[in-house]
Amino acid sequence: MTSSHSTRVAELLAELTEPQREAVLHTDGPLLVIAGPGSGKTRVVTRRAAHLALTAAPARQILAITFTNKAAREMRERIDALSVAEGMTVCTFHALCAKLLRIHHERARVPRNFTIFDRDDRRRLLKQAIEDCQLSTTNWSPASVEGAISTAKNDLRSARAFAPHTRDWREATIARIYERYETLLAENAALDFDDLLMRVALLLRDDEALRDELEDRYRYVLIDEYQDTNAAQYLIARKLVEKRQNLCATGDPDQSIYGWRGANLENILSFEHDFPSTRVVRLEQNYRSTQRILAVADALIAGNRRRKLKALWTQNEEGPWPRVLQYDNSEEEAAGVARDISQRLRGRTAPGGIAVFYRVNSLSRAVEEALLREGIKYQVARGVEFYNRKEVKDVLAYLRVLVNPADEVALFRIINTPARGIGDTTLERLREAAGLEGVTALEFITSDRDFAELGRAAVKVRQFGELLRSLRPAVEQRPATALGEVISRTGLRAMYMQEGDREESERRNLDELINAATLFQADRPEATLIDWLEYAALVSDVDSVEQSGAGVTLMTLHAAKGLEFDVVYIIGLEDGLLPFRRDEFVRGDEEEERRLCFVGMTRARKVLTLSRARQRFVRGSTLATVRSPFLDELPPAAVEWSTPADAAPQRKRADAGRLPEDLDQWTVGTLVRHPVLGLGQVLSLTRGGKRTHVDVQFQSGPKRSWALEFADLVRVDFDEVE
DNA sequence: AATATTCCCGTTTTT
DNA sequence: CGGGAATATT
């Protein structure tokens, strides 16, 4: 071992706490890192990866898997910065699977040049599948069927496996649609996002030789955000490390907020059971938030049952009390938040350090208007991504047709874009004619014939066919070149050439697309058009949700995961909104909603403000709201409640944490008053060794129990009441 | 084929 | 109420 080697190892261990060090140093065997919010997880993961590359295996034998491209990019950058891990594979689950399927297409029984269908493509195909089954898309909305099929795929249930297990007519119908959809996908030589995972999972399960090969290729596997894995990803993870068990999973059950997308919290909760020799490391020290913010968040999440206990703590300053503000209505809430932000901006806080979170996007509107009125710059981090823009998808559709002639979803997307006089009737006839001859639509179009059966449109179709034929050689060219060729030859550029504000952004986006392709191929000399299309299909964000620092950030609680801000506002803490409930009778997963709230709170470094409106303007009408039960779960002594209308917010009781002086007069039946919940009656008093617990039934309905020291209750005599 | 009108529906959305 | 999609109109 050279001295430079040991110096580098020492560097990797520098400035780490004991548990962090332990996680970095662990090499062989399963490792579970339970990482609380702001606990330096990324640092640990990257150092660990570097440490492995330095001491255990060549970097190319290490595989780090993330969920998002952003996470992959960040991890890659940070690992690169340590400059010991060149050649390491750092990518998303989907990218890994796409690559594996491309390489092992024969064994996986997929076409080598398969197209990856995004949600839009999938919807179109699904619509067709529903129609093919003679069903109406009104009764069988593509969206709901999509959800059912996606769930099935996430659970590794193929169309064939799905059909025999249907329990009612609805499921049986979905099974039919599912089968038809799969047939259509195959005809299009396409895979959807879920297929990528499912195919690889099943492949690893069934093809031992390949699994063996991959296990030798990737000797150490790291999976980030393990709490978000679904059944397919879980199987992939297990199969990838079957022999060596060198799996390092990092995550936090308390931050699992994608259950509705198929994520299965059980995967992380039962990790130690699945991998019996697991070493568990808990990262519990928080470097982000103040003591008071952390304490409140911790108190909230303590209400969950399905978790792994963590003792969050911090050496950071105490900080100001987190506040709960109750406004009369949603406009005042928005105005209040804007006013508060305005005040902070006059202080030292930079706008980029401030964020407003909400459960549903529709809440952003009121806040936006209020910020506008206050003249505060802001940005809404929303999901409209670059690669979902129409003009971008049109260009990509041309490329897709070139690469994969079976891709009819793409073909029908571009057949009349730019407008070339091929309408619905022509399309119908064309499909029919092609079907009659037993050739694909593309073969038909690009064949050398007169298209007499298409009447007036025959010339247009022939021209389109010629265009496609002339574009074919572009397949062999480099992505950026092919892209430029398509944009100009198809008339798409011309289409956006007329001067005008609307076309301006389209033109810019097309240029941006060529830029992206140029950048892509710059560090991938071997990259083909197929590779670029795959990249484009799987990279949807393009740095869109970066904190630019120029303005206040508005986003959903989901989007906030992984970020941090000095000052955080969470609005709309109302029953049914957070926790969200679709309708009154069907309750959602309240624990997941609580985690969502926890995630939001723990984004705050210094100042946390929760708010709620007593009346909310929703869908055209104003409705009375009920305070979120989550607010009642916050230790009353640890937050500052105030109604902004009040001149002075009520200060904290100085004696919080102490038992009431008149405790000897407290019995079952004693009347008490709570600053928020009002009048109530003691149901029970339990003297514990350390704490005295009290159950109270409130006049207003709710029943609560507390440690009496923190209950914020005052005893009232009977005659004081009315 | 482009534009007007009606109608429907309404969480979150890593890929 | 308001956006998007399906449908009607020119």
Side-chain angles (χ1 to χ4, degrees), chain A residues 65-73 91-98 116-124 127 136-138 141-144 146-147 150 153-154 191-198 224-225 227-230 232-233 255-263 330 357-366 381-385 387-388 416-426 457 460 534-541 544-545 555-562 572 576-583 586 588-589 592-593 595-597 599-600 616-623:
Chain A
I65 308 175
T66 64
F67 275 80
T68 68
N69 292 299
K70 192 174 164 214
R73 201 184 319 126
C91 64
T92 65
F93 262 110
H94 289 83
L96 173 73
C97 291
I116 298 169
F117 272 15
D118 67 11
R119 208 162 84 249
D120 196 53
D121 302 320
R122 179 204 247 182
R123 288 250 166 111
R124 284 170 199 242
K127 202 176 153 231
S136 103
T137 45
T138 328
S141 80
S144 72
E146 181 184 26
S150 180
K153 287 188 176 181
N154 287 160
L191 299 177
D192 64 26
F193 286 142
D194 299 322
D195 284 331
L196 298 175
L197 302 177
M198 183 173 80
D224 196 21
E225 307 282 17
Q227 77 281 353
D228 288 335
T229 50
N230 62 30
Q233 290 156 335
Q255 294 185 63
S256 164
I257 55 175
Y258 285 103
W260 51 276
R261 285 279 270 102
S330 40
F357 303 152
Y358 34 79
R359 178 62 232 263
V360 295
N361 283 307
S362 58
L363 294 199
S364 78
R365 180 113 162 227
R382 57 169 97 66
V384 277
E385 325 87 338
Y387 286 94
N388 267 337
N416 200 32
T417 310
R420 50 173 72 84
I422 303 178
D424 287 346
T425 20
T426 310
K460 322 266 188 190
E534 179 175 302
Y535 174 82
L538 295 176
V539 179
S540 57
D541 56 358
S544 53
V545 192
M555 61 172 80
T556 63
L557 285 162
H558 283 92
K561 188 169 148 190
L577 191 53
L578 181 60
F580 190 89
R581 223 171 295 117
R582 197 193 186 83
D583 63 72
V586 187
D589 183 345
E592 181 151 312
E593 297 293 315
R595 293 194 289 267
L596 198 49
C597 192
V599 165
R616 184 163 295 279
F617 187 71
V618 178
R619 282 186 228 161
S621 51
T622 302
L623 298 169

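Below, read A as the first sequence line, B as the second, and so on, with proteins coming before strands; counting in each chain starts at 1. What you are looking at is a predicted structure, and each value in this text was computed from that prediction instead of being measured.
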Given [N], is OP1 or OP2 found less than 4.0 Å from the side-chain N or O atoms of [X]?
X	N	result
A/T66	B/dT14	no
A/N361	B/dT13	yes
A/N69	B/dT14	no

Stacking check A/Y258 vs B/dT12 (5.5 Å / 30 deg): no
Can you list the residues that meet the side chain to side chain contact (heavy atoms under 4.5 Å, CB included) rule with A/A232, with sequence neighbours excluded? A/L156, A/L197, A/A201, A/N230
Could you tell me which residues satisfy side chain to side chain contact (heavy atoms under 4.5 Å, CB included) with A/T556, sequence neighbours excluded, listed by chain and number? A/Y358, A/N361, A/H558, A/A559
Main chain of A/A71, side chain of A/D224: is a donor-acceptor contact present, judged purely on distance under 3.5 Å? no
Heavy atoms only, 4.0 Å cut-off, all strands: where does A/L577 land among base, sugar-phosphate and nothing? nothing
Pick base, sugar-phosphate or nothing for A/D118, based on heavy-atom distances below 4.0 Å to the nucleic acid. nothing
Among [options], the one nearest [X] by side-chain distance:
X	options	result
A/A419	B/dT14, B/dT12, B/dA2	B/dA2
A/V360	B/dT15, B/dT14, B/dT12	B/dT12
A/R359	B/dT12, B/dA1, C/dC1	B/dT12

Enumerate all atom pairs, one protein N or O and one N or O from nucleotides 2-10 of chain C, separated by less than 3.5 Å.
unit_1 : atom_1 : unit_2 : atom_2 : d
C/dG2  : OP1    : A/R365 : NH2    : 2.9

Please say which of A/T92, A/L96, A/I116 ends up in a side chain to side chain contact (heavy atoms under 4.5 Å, CB included) with A/L196. A/I116
